[in-house]
**Student:** 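I'd like to ask you about the structure that follows.
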Amino acid sequence: MTLSLAKSYNGKTDLYERARPLYPSAAITWIDHCVPRLSTLPIVDIGAGTGILTRQLGALGLPMIGIEPNSQMLAQARNRDQNADYRQGSAEETGLASGSARAIVCGQSFHWFDTRRAAEEFRRILNVGGPVILAWNIRSPDHDAFHIAYEAMLAQLFEHYAQTLDIDRELEDRVNDFYAGPFEERRFANAQQLGIDEFIDRTLSCSYAALPGTTEYEAAITALQALHRQFQVQGRVSLRYSTRVVHGFI
């Protein structure tokens, strides 16, 4: 189920790049703090997508490799970022040499992995003592009346939205099973201020959202426009997130 839903990012590369939120600076600082300081090996971003997290960490001067299975996403990442080394691969088959990674980061991607096979691959490519750091920008579904209405609208509009809720419910067990021992977790506030076009783009960038040319897509545009008109303040709505970062060893 999760793998087929992940494939629905095809055709959404430009949307994803322009609509998805950055990670807050406090989260990036903490990830940097968790990375081993004595090694000069690169940090590997698994499921790098269009390179959002890769670029933010690279801006700190950290050497980065981005691994991404989707060829469209990979092309976008390479086009946007000439500093990192982007390669086609997956969490289960990175194509990297054994012991070649200082640390592994996974932004918005861990929930798509075959966790058993990914753990085996991560242990192979990590240098001794290297951590795995998982990160998500998680939308706050009940922050206020706007977020509650938006959540209800997503469930009504998109046939595949329920699948993402199933993935969310399974996530805690997957995280707990993934790490070999105790792990550390922190949460950081994040938000996007979105005009109507940005709000529509943000919604349609999701894996469950319909593609242009479908009845579901046209209905979504109309409903999202109405919701934005209802809740906008000076032409914008504030979409709130809790950025979750998990750090541990496998």
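Bear in mind that the values here come from a model prediction, so they are computed numbers and not experimental data.
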**Student:** Go through the steps to decide whether V245 and E184 satisfy the test side chain to side chain contact (heavy atoms under 4.5 Å, CB included), and finish with yes or no.
**Tutor:** CA-CA 8 Å; V245 183; E184 186 177 4; over 6 Å; no
**Student:** Heavy atoms only: give me the nearest C106-F113 pair and the separation to one decimal.
**Tutor:** SG-CE1, 3.8 Å
**Student:** Within the structure provided, determine whether Q225 and I200 are in side-chain contact (heavy-atom separation under 4.5 Å).
**Tutor:** yes
**Student:** Is the closest side-chain heavy-atom distance between D14 and Q76 below 4.5 Å?
**Tutor:** yes
**Student:** Are any of the side-chain heavy atoms of W30 and F188 separated by less than 4.5 Å?
**Tutor:** yes
**Student:** Decide salt bridge (Lys or Arg N to Asp or Glu O under 4.0 Å) for R202 and E198; before the verdict, give the C-alpha distance in whole Å, the side-chain angles of both, and the deciding distance to 0.1 Å.
**Tutor:** CA-CA 6 Å; R202 173 63 187 90; E198 296 163 322; over 6 Å; no
**Student:** Show the numbers, then the answer: is there a side chain to side chain contact (heavy atoms under 4.5 Å, CB included) between Y86 and T54?
**Tutor:** CA-CA 9 Å; Y86 290 97; T54 318; 3.4 Å; yes
**Student:** Find out whether H247 and R186 are in side-chain contact, i.e. whether some heavy atom of one side chain is under 4.5 Å from a heavy atom of the other.
**Tutor:** no
**Student:** In Å, rounded to the nearest 0.5 Å, how long is the span from CZ of R55 to CZ of R80?
**Tutor:** 4.5 Å
**Student:** When you check the gap from the basic side-chain N to the acidic O, do D32 and R37 get nearer than 4.0 Å?
**Tutor:** yes
**Student:** More than 12 foreign heavy atoms under 6.0 Å from CD of E218: is that the case here?
**Tutor:** yes
**Student:** In terms of ring plane angle, is the pair Y161 and Y208 parallel, tilted or perpendicular, where the classes change at 30° and 60°?
**Tutor:** perpendicular
**Student:** Under a 4.5 Å cut-off applied to non-hydrogen side-chain atoms, are D177 and T115 in contact?
**Tutor:** no
**Student:** Whether the side chain of R123 engages the backbone of I250 through a donor-acceptor N/O pair (distance < 3.5 Å, no angle test) should be reported.
**Tutor:** yes
**Student:** How close do N137 and T243 get, counting heavy atoms only, and between which atoms?
**Tutor:** OD1-OG1, 2.5 Å
**Student:** Give me the atom names and distance for the closest heavy-atom approach of E216 to E159.
**Tutor:** OE2-N, 2.9 Å
**Student:** Determine the minimum heavy-atom distance between R20 and S205, stating which atoms define it.
**Tutor:** NE-OG, 2.9 Å
